**Student:** 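I am attaching a structure below and will ask some questions about it afterwards.
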Amino acid sequence: MATALVGCGGNEPVQLEGVEVREYQGKDLSSVATDFVENTIKGPQYIDRDSYRLEVGGLVERPRQYTYDEVLDHQSYSKVSQLMCVEGWSVDILWEGMLVRDLFNEAGVKPEANTVVLYAVDGYSTSFPLSWFYDKDIIMAWKMNGITIPPERGFPFHLVAEDKWGYKWIKWITKIELSNDPNFRGYWESRGYNQDGARTGPKVGP
Ligand SMILES: Nc1nc2c(c(=O)[nH]1)N[C@H]1C(S)=C(S)[C@@H](COP(=O)(O)O)O[C@H]1N2
Ligand SMILES: [Mo]
């Protein structure tokens, strides 16, 4: 099920930081402050905005490090998408961020790359087929419900892994690596959770 993708560039109104949006196009949204369950592997991470760098590397022509502001300089997109944890809770959130494939295009993906591995500051990791980012217009968000993602929720960047279980929605992202190893297994995947992580598929197993 594809959700609408809305561009926010050009002459459209510039949105100023304000209070959280709780309803969007007639649909109720969850609360960023109270509807999430804290279940991360090392607890909340507090990343310093000024010293933060996002690394894009691996099988690319032009490996690069971005500051927080350089990431936000990209064309932004928004979509409502539901994060559902295997533990049985879910949240409906209006996400805003950039297309991950725009970073790939800047870096120049080498032809042998077929896998993307994402790493986070707490040692978490997960991976996906490269083609998925193009097929599903996958975004890496910096806002949830119109506000900057709070530290506890993943500042600076939270992957919006649409239609996948919550453990594929890596946050506090620090590194995006292009790889040719489809057998890479991330934190929960190497502990028995399914590699593909599709919500229509099995939770556990290879
Ligand atoms: N860096 C990092 N990202 C993570 C996790 C984690 O432990 N560390 N947990 C995952 C799991 S299991 C879920 S369900 C979601 C929860 O999203 P939230 O923490 O933004 O609520 O984060 C995912 N992303
Ligand atoms: Mo989860």
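Since this is a predicted model, take the numbers as computed values, not measurements. Counting starts at 1 for both ligands and their atoms, following the listed order. Quick note: numbers below take in every heavy atom, side chains included, and nothing from hydrogens, waters or symmetry partners.
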**Student:** Would you tell me whether Glu87 and Asn39 have side-chain atoms, one donor and one acceptor, within less than 3.5 Å of each other?
**Tutor:**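 Yes, because at least one side-chain N or O of Glu87 sits under 3.5 Å from a partner of the opposite role on Asn39.
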**Student:** Using heavy atoms and a threshold below 4.0 Å, how should the contact between Asp122 and ligand 1 be classified: side chain, backbone, both, or neither?
**Tutor:**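 Side chain only.
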**Student:** So which protein heavy atom does atom 7 (O) of ligand 1 come closest to, and at what separation?
**Tutor:**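 The protein heavy atom lying closest is Ile41 N, 2.9 Å.
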**Student:** Give a yes or no on whether Tyr193 atom OH has more than 12 heavy-atom contacts from other residues, nucleotides or ligands under 6.0 Å away.
**Tutor:**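 Result for OH/Tyr193: open.
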**Student:** For His158, state whether at least one heavy atom is located under 4.0 Å from any atom of ligand 1.
**Tutor:**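 Judged by the 4.0 Å heavy-atom criterion, His158 does count as contacting ligand 1.
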**Student:** Do Gln45 and Tyr124 pass the side chain to side chain donor-acceptor pair (under 3.5 Å) test, and can you show the C-alpha distance, the side-chain angles, and the key distance before you say yes or no?
**Tutor:** CA-CA 12 Å; Gln45 304 292 315; Tyr124 199 81; over 6 Å; no
**Student:** Using heavy atoms and a threshold below 4.0 Å, how should the contact between Leu83 and ligand 1 be classified: side chain, backbone, both, or neither?
**Tutor:**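 Answer for Leu83: side chain.
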**Student:** Checking side-chain polar atoms at under 3.5 Å, does Asn145 have a donor or acceptor matched by the opposite partner on Glu20?
**Tutor:**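 Asn145 vs Glu20: donor-acceptor pair found between side chains.
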**Student:** Would you call Tyr119 a ligand 1 contact, heavy-atom distance under 4.0 Å?
**Tutor:**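 No, that is not the case, since the closest heavy atom of the residue is not under 4.0 Å from the ligand.
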**Student:** Please check if the distance between the ring centroids of Phe157 and Tyr68 is under 6.0 Å.
**Tutor:**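 Phe157 vs Tyr68: aromatic centres under 6.0 Å.
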**Student:** Check each of Trp89, Trp188, Phe36 against atom 16 (C) of ligand 1 and report the one with the nearest heavy atom.
**Tutor:**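 Nearest option to atom 16 (C) of ligand 1, by heavy atoms: Trp89.
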**Student:** For the side-chain hydrogen bond (donor to acceptor under 3.5 Å, both in side chains) test, which of Thr200, Asp196, Asn194 pairs with Lys164?
**Tutor:**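 Result: among Thr200, Asp196, Asn194, Asp196 is the only option passing the side-chain hydrogen bond (donor to acceptor under 3.5 Å, both in side chains) with Lys164.
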**Student:** For a quick check under 3.5 Å, do Ser127 and Gln195 share a side-chain donor-acceptor pair by atom type?
**Tutor:**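 Yes, Gln195 and Ser127 have a side-chain donor paired with an acceptor closer than 3.5 Å.
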**Student:** Among all protein heavy atoms, pick the one closest to atom 22 (O) of ligand 1 and tell me residue, atom and distance.
**Tutor:**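 Residue, atom and distance for the closest contact: Trp169 O, 3.7 Å.
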**Student:** With atoms numbered from 1 as shown, which atoms in ligand 1 lie under 4.0 angstrom from a non-hydrogen atom of Ala120?
**Tutor:**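 Once the distances to Ala120 are compared, the set is 1 (N).
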**Student:** Report yes if Trp172 has an N/O atom closer than 3.5 Å to an N/O atom of ligand 1; otherwise report no.
**Tutor:**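 N/O-N/O distance under 3.5 Å: no.
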**Student:** Quick one, Phe184 and Glu177 - any side-chain contact, counting heavy atoms below 4.5 Å?
**Tutor:**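 SC-SC contact between Phe184 and Glu177 ruled out.
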**Student:** Counting only heavy atoms, tell me which of Tyr167, Tyr124, Tyr187 gets closest to atom 9 (N) of ligand 1.
**Tutor:**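 That would be Tyr124.
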**Student:** Nearest protein heavy atom to atom 19 (O) of ligand 1, by residue and atom, and its distance?
**Tutor:**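 Of the protein heavy atoms, Lys171 NZ, 2.3 Å lies nearest.
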**Student:** Checking a contact table here: which protein heavy atom is nearest atom 13 (C) of ligand 1, and how many Å away?
**Tutor:**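 The answer is Gly166 O, 3.4 Å.
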